[in-house]
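The structure appears right after this line, and notes come after that.
Numbers restart at 1 for each chain; the letters A, B, ... are given by sequence-line order, proteins then strands. In this text, all values refer to a predicted model and were calculated from it rather than measured experimentally.
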Amino acid sequence: MDPLTLLTAIIFLPAAGALALVAFDRKAEETMRYFALAITAATFMLTLFLWREFDSAKSEMQLVVNLPWIRQWNVNYYLGVDGISMPLILLTSLICLLSMMASWSIKKQVQGYLMLFLILETGILGVFLSLDFFLFYVFWEVMLLPMYFLIGIWGGPRKEYAAIKFFLYTLAGGVLMLIALLMFYFNSGRSFDLLHLAAIGQGKVEGFAFNPTVQIIAFILLFIGFAIKLPAFPVHTWLPDAHVEAPTPISMILAGILLKLGGYGIIRIAFPLCPFGAQYAAYALVLIGAVSIIYGAFAAMAQTDFKRLVAYSSVSHMGYVLLGMAVWKINEANGAAVGRDYWLMGMNGAMFQMLAHGISSAGMFFMVGVIYDRVHHRDLNKFGGLMQLMPDYSGLAVGIFFAGLGLPGLCGFIGEIFVVLSTWNYSKTLAIVAASGVILTAGYILWTIQRVYLGPEYKGPHAEDITPMNGREKAIAWTLLIFAIVLGVYPEMMFKVMRSSMDALIVSLDAGYQAVSAAVETAQK
Amino acid sequence: MNFESILTGVMNDASWGRSLGLFAPELILCVSIVALLLLRLVNADRWLPSYLIPLFASLTALGIAVYSFFQMHGAIEGIPTPGTTQTMFTGLLAYDSLTLFLRVFLLGFLALVVTLTMLSGIPDAEDGPDFYTLLLGSTIGMMLMSSANHLLILFLGIEMTSVPSYAMVGFLKGRRVSSEAAFKYVVYGAGAAGVMLYGISLLGGLTGTLEMPVLASRLSALLGPGGMNDPTSRTVALAAMMVLVGLAFKLSVFPFHFWCPDAFEGAAAEVGGYLSVASKGAAFALLVRFLLAFTGGTSVDLTSLNLALGVGLGVVAAATATFGNLAAYSQTNVKRLLAYSTIAHAGYMLMGVAAMVVLLNGPGGVDAAAKGEAATCIEGLLYYLAVYLFMNLGAFAIVAFIRNEIYSEEISDYAGLGRQVPLLGACMMICLFSLIGLPPFGGFVGKFMIFASLFQAGKIHMAMWVILVIGTLNTIFSLFYYLRVLKVMFLESRPEGARRARVSFMPSGAFVLLVTLPLLLLGASPLVNSMSDAATRVASMLVAAVR
Amino acid sequence: MNGAALFWFFAAVTCAGAVAVVVSQNVVRMAVWLIVALGGAAGLFFQLSADFVGATQLLIYVGGTIVLLIFGVMLTASGPYLRIKTSPGEGFLAAGVGLLFVLVLMSTVLTIDWNAGRLKLAGLGKVSADAYETALHKEGLSESDRTLLEQAYQPSAKADHAAEPAPKSGPAVAENPEAADSHGSAPKPGDVHSVPAALAYELNPGRRLTSAEAARLAALFGQEKAVVASAMPAQGDTIRPLGLALAGLRPDRDLNKVHAKAATTPGYLLPFEIVSVHLLVVLIGAAYLARTKRRRVEAS
Amino acid sequence: MAGVDLTAYLLVGAVLFVCGIVCMATKRNGIGVLMGVELVLNGANVNFVAFSRYTSLGLDGQMMSLFVIVLAAAEAAIALAIALNFYNNHQTIDVDRGSELQG
């Protein structure tokens with residue numbers, strides 16, 4: 001299959017499925033569910049096929065598609081995959097498939113729900129595959145619309161508030177990104193090509209350069225935009241509301257994939273396009289990352305709502321992503337990175353943490369959803385003793401929670417340890433802070449397990465509704481747990497995909513910063 | 001020289017024949033007005049539905065306009081050269097690509113509005129001929145506005161547009177709000193036209209001409225140094241401001257917007273949709289022409305005056321967008337909310353015009369680069385207008401169809417309609433998201449182009465960057481009130497006992513779909529390229545004429 | 001009768017009428033004062049030898065439009081609102097704003113040196129040093145002429161401007177049809193940059209010129225007829241030119257080109273015709289609004 | 001006509017214009033406002049005709065004023081029809097009395 005067909009099919013197959021859903025009778029809900037499931041499964045298959053076509057040894061963009069779209073504005077339909085986007089694409093199609101399976105719990109307006117779900121998947125895959133900034137922006141915003149309705153219509157009691165808050169935050173971030181986009185466009189001789197812009201940002205293109213002011217301003221704008229999505233402290237406040245109010249499958253997508261878009265944006269756009277700005281802000285980023293870790297952990301500890309706890313744990317976990325990316329220490333004299341291998345380790349750790357969190361947080365939200373569907377409450381103080389009532393469920397849940405906790409042998413461990421180790425090189429204090437985050441995480445997760453699954457007896461309402469998991473639910477939980485174990489035991493599976501691209505990225509960022517700072521030095525003299 | 005010889009002279013003059021040929025679309029509309037009247041004399045309106053004639057006329061005229069548009073654009077491949085601008089009727093009207101673009105825009109819109117009124121049943125069979133006469137008359141005025149090349153036509157076009165539209169706003173004459181809206185509209189409108197005329201008189205007296213293309217060179221010759229200390233500069237600024245007041249009134253730009261919410265609430269939704277799009281399109285074309293007439297020449301004094309004018313327009317635009325968006329919050333009536341949204345959108349579009357003026361009056365003068373960048377601004381404006389046509393007409397059409405079902409235009413009565421009429425709900429969603437300016441809908445591309453031109457203009461005057469930031473912030477402000485409508489429609493459930501809405505797919509649903517589908521096409525399909533290409537050509541041809 | 005006195009009479013009538021319209025508290029009186037003001041304006045039109053416009057003003061405006069307005073007043077007259085009370089505060093505010101407007105207009109419109117503007121447009125705003133010297137050393141130049149020349153012109157302060165390839169007066173001369181006729185003796189645009197930049201002369205902004213002085217200046221540069229002679233014949237008789245302009249011809253612009261019209265001079269045939277369509281539309285609209293909704297009696 | 005030149009006519013035009021503006025701003029009666037509009041239009045007309053006499057605007061100025069007179073008549077006709085309609089619905093022509101549209 002040629003790249004154009006393959007990549008286009010991956011992006012637009014879900015959207016086409018959404019369109020096809022219009023033709024179904026509104027009453028044939030079960031048929032529609034299976035149809036939508038088939039679409040997401042087919043998309044997953046296509047991404048597996050993409051993985052097979054993908055050559056891990058190469059560091060550059062592969063399977064590139066570049067067709068003109070809006071000629072006057074140099075906007076292209078420009079797609080491609082590299083080692084950074086490949087794992088995330090796999091994660092996306094997998095989580096979408098699983099949360100589509102989890103969508104059987106949605107009972108009202110099924111047709112609309114499935115259509116919006118599929119459009120959302122198109123938006124996410126489009127973001128991961130775009131290499132044109134304009135296209136990236138379009139897909140980025142496309143995700144907003146279905147998400148608003150998915151939270152707003154099928155959400156919990158405060159759904160309207162949560163939906164508009166989510167919309168507002170993300171749109172604000174998007175608008176900042178738009179300004180940065182214009183800055184790049186007009187300072188680059190009118191190009192939206194992310195690779196070309198990155199080359200300019202790294203001082204590799206004759207005749208064009210983003211000067212330090214542009215780099216710093218643009219980086220800050222981009223960073224705020226992505227940090228909202230990530231979410232980093234202090235712009236994370238939309239997340240607990242959105243997660244709590246969203247229906248289970250949507251929470252899975254939110255935590256499992258949407259948060260990764262923030263990290264992906266930073267790696268794909270903010271860092272390469274303005275290395276000078278990134279380095280300039282590195283300390284602040286590390287600090288924000290560390291604060292997010294600790295803040296998220298403490299906040300999680302204070303929650304009594306099960307879903308809110310998982311939501312804050314996401315803030316904490318995504319803090320590692322930011323921390324790992326930003327541990328870029330330089331030699332003040334010549335601008336070269338000090339301990340570049342550590343930084344590389346941090347970057348790899350951050351990437352892996354995104355994948356691991358994608359699996360574990362989706363799993364955690366799913367597990368919360370399973371029990372919520374039965375007892376219709378999420379008050380941590382009104383659980384207990386589920387181990388006796390639902391042994392299968394509790395076993396799987398504990399496994400997944402341990403993955404989130406970062407138990408060695410499970411996926412969460414690898415990313416966190418990589419990030420903490422690399423931070424040691426950057427700042428020992430912050431490394432200790434980050435490591436203490438691991439302990440806090442262990443604290444609140446163990447406490448949660450104790451309160452929910454252990455304990456003498458179930459204390460909450462609807463005890464009579466507690467039934468064992470059905471086959472569909474077991475399949476989802478098992479899949480997630482297996483992935484958590486596989487990634488924990490054999491992280492190389494993903495590391496080998498991203499390694500060469502990551503290496504190349506670090507090298508070019510380092511060189512890019514040196515080039516730009518050398519130019520600044522010359523200008524100052 | 002007696003009458004006969006004059007007549008022979010005129011008849012033998014080939015340029016009249018040529019002008020009449022180029023003027024064919026407008027002539028068709030004139031003829032159909034007369035036909036509407038004559039048919040009534042023979043009582044033909046009893047058996048002939050009155051919408052047939054305007055529909056037929058607008059489609060025929062549209063065909064001619066589209067043909068001539070493509071003919072003109074086929075003739076100029078690549079970058080057009082100056083001198084491709086032609087005039088009609090001894091220089092009273094410009095016949096250039098903007099004229100043709102606006103003709104296609106207005107006539108296409110007219111056809112859509114006639115179809116809408118046909119489907120929604122306002123006006124009824126009895127009032128049809130009157131209504132369509134006003135509609136056609138007003139459209140002729142708009143077409144004159146968009147091709148004005150002479151200050152008389154500028155005034156005449158505005159009057160011809162306004163006067164019938166006053167009557168259209170008051171068309172539901174038995175309703176108190178309708179007559180009140182029309183009364184306020186006519187009183188304020190006449191005042192604005194008067195102020196504008198005084199400005200024209202000053203401008204004409206100063207430059208000794210009413211022809212717009214020579215204004216710039218004459219002003220360059222007239223203006224003295226010293227900026228506002230020079231009485232001539234002061235007078236020119238005053239006159240320009242007075243003319244702009246008249247245009248600002250038509251555009252419902254802050255602080256001349258006050259008529260707009262009243263008029264839209266009082267008028268039928270169909271009329272509101274018509275006024276919000278068509279008169280805005282024509283007024284923007286006229287504004288661009290008027291401001292381009294001021295641009296050019298080599299005088300530093302004129303350039304600095306223009307630059308101040310451009311920045312002033314930008315500030316007004318930012319204020320308009322902000323005001324429109326903030327005032328829309330507290331509205332409970334859909335039409336009133338859309339009216340404030342119209343004001344806000346006028347603000348966005350005005351930002352593009354301001355950027356154009358600033359870019360053309362930079363320190364580098366009117367060189368090729370400045371022209372290219374100014375062309376981008378006009379391109380953005382035209383793209384925005386094209387998208388705006390569909391999104392606003394779509395929204396107003398949906399309001400009209402829903403009004404026919406539930407007899408209400410209050411937002412609170414829309415509760416749960418998203419489920420009851422899913423097609424209209426989905427289309428409303430697309431229209432409103434496009435109005436917010438979100439991809440993948442056309443509104444985003446237009447807004448993006450406007451913001452891009454503001455960014456470029458910021459390099460000449462820093463204030464434009466501030467305006468850009470205000471513009472982007474406004475996108476966020478606007479989110480709330482558009483989402484409020486959607487929230488009510490989708491997130492709330494239809495209360496028990498509320499009137500049930502039933503809108504069949506044929507023909508109403510199909511019409512709404514026809515109007516909203518282009519939003520998607522103009523936002524995320526290869527059509528974006530074609531549209532932007534057409535707009536670029538129009539813009540660069542227009543700018544090429546600036547000397 | 002003295003023309004100036006007549007002007008002041010009409011001006012006083014017009015202004016007094018206008019002020020009275022503002023001050024009046026009664027709509028009917030306002031309408032009557034409006035007749036006075038517009039009638040006075042018609043007198044001014046006659047005074048300006050625009051006889052046809054004056055007649056139209058009397059016929060259509062005073063005779064038609066105001067009658068329409070008075071009808072409106074009568075048809076909508078309901079006791080309490082016939083008299084309009086304006087509170088003193090509002091009155092003062094309005095007077096203040098009005099005064100401000102007058103001041104703004106005074107400071108702009110009325111301070112302009114219109115004659116200088118006309119000279120500038122004709123290309124006499126900036127003259128080459130050669131042309132200036134020639135005029136100054138003309139045979140038989142009177143002392144007053146010499147003073148006028150010396151006071152009206154000063155060496156160009158902005159030397160860099162005169163040196164630019166396209167001098168300010170260039171395009172204006174080329175496009176001004178009146179100036180174009182007398183191109184032979186007018187300074188050619190080329191002259192300006194053949195002399196040292198500082199030696200161009202431009203109008204002295206500090207010296208305001210009267211009509212007579214402007215005319216004299218133009219004469220000194222050999223441009224009697226083209227520029228300063230009033231654009232309209234002073235004795236009136238504008239009906240024929242106006243009628244021809246409405247038919248699309250412009251004999252006032254160029255008598256020799258009546259049949260082969262110069263494409264740049266607008267004839268007003270189009271607006272003349274299109275206004276008729278407009279009036280038709282307005283007629284129908286007004287008739288619709290004014291009539292009560294008729295209910296058609298169905299045959300069944 | 002010594003002493004009378006363009007400026008004097010412009011002064012009359014300015015007075016008419018300002019009176020018209022003040023009239024529009026202060027009158028509550030809709031027809032009163034329309035009279036203010038007529039004054040403004042006449043101010044412009046006086047300007048046009050004066051310019052046509054004294055500047056190179058020439059016949060264009062008179063032409064413009066003729067069109068203005070015609071257009072003003074048309075506008076007055078529609079405005080009065082609307083005023084009558086308003087009066088029939090509200091029993092008043094006080095512009096401030098129309099209070100149904102607010103916000």
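- No part of D:A25 comes within reach of chain C, as not one of its non-hydrogen atoms sits under 4.5 angstrom from that chain.
- D:N45 touches chain C through backbone and side chain together, each having a heavy atom under 4.5 Å away.
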- request: Report the C-alpha separation of C:S276 and C:L280 in whole Å, then their side-chain angles, then the decisive distance to 0.1 Å, and conclude whether the side chain to side chain contact (heavy atoms under 4.5 Å, CB included) test is met.
  value: CA-CA 6 Å; C:S276 64; C:L280 176 62; over 6 Å; no
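- Contact annotation for C:A31: both backbone and side-chain heavy atoms come within less than 4.5 Å of a heavy atom of chain D.
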If you look only at distance, which donor and acceptor atoms sit under 3.5 Å apart when one is on a side chain in residues 60-69 of chain C and the other is two or more places apart or in another chain?
| from | atom 1 | to | atom 2 | distance (Å) |
| --- | --- | --- | --- | --- |
| C:Y61 | OH | D:E38 | OE1 | 2.5 |
| C:T65 | OG1 | C:I60 | O | 3.3 |

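- When D:L66, D:L71, D:T7, D:V70 are compared by the number of non-hydrogen pairs under 4.5 Å with chain C, D:L66 comes out ahead.
- The contact between D:L11 and chain C is made by backbone and side chain atoms together, counting heavy-atom distances below 4.5 Å.
- D:L80 has its side chain out of reach of C:F71: every pair of non-hydrogen atoms, C-beta onward, lies at least 4.5 Å apart.
- Both the backbone and the side chain of C:L242 come within less than 4.5 Å of a heavy atom in chain D.
- Residues passing the ring-ring contact (aromatic ring centres under 6.0 Å, His included) test with D:F48, sequence neighbours excluded: none.
- Contacts with chain D were tallied for C:V19, C:L246, C:V281, C:L279; C:L246 has the most, counting heavy-atom pairs under 4.5 Å.
- Looking at C:V21, the atoms closer than 4.5 Å to chain D (heavy atoms on both sides) sit in the backbone and in the side chain alike.
- Both the backbone and the side chain of C:A11 come within contact range of chain D, with heavy atoms under 4.5 Å apart.
- With chain C as partner, the option from D:N85, D:L34, D:I78 having the largest number of non-hydrogen pairs under 4.5 angstrom is D:I78.
- Both the backbone and the side chain of D:V49 come within less than 4.5 Å of a heavy atom of chain C.
- Within the 4.5 Å cutoff, the side chain of D:S52 has no heavy atoms near those of the D:D60 side chain.
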field: Intermediate values then yes/no, side chain to side chain contact (heavy atoms under 4.5 Å, CB included), C:W33 and C:V22
entry: CA-CA 9 Å; C:W33 283 121; C:V22 177; over 6 Å; no
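- Contact annotation for D:I21: only side-chain heavy atoms (C-beta onward) come within less than 4.5 Å of a heavy atom of chain C.
- Taking the six-membered ring for Trp, D:Y9 and D:F51 have ring centres at least 6.0 Å apart.
- For D:I69, the parts sitting under 4.5 Å from any heavy atom of chain C are the backbone and the side chain alike.
- Minimum heavy-atom separation, C:G17 to C:A37: C-CB, 3.8 Å.
- When the candidates D:V18, D:N42, D:L39 are compared by the number of heavy-atom contacts under 4.5 Å with chain C, D:N42 comes out ahead.
- Nearest approach of C:F46 to C:L58, heavy atoms of both residues: CE1-CD1, 4.0 Å.
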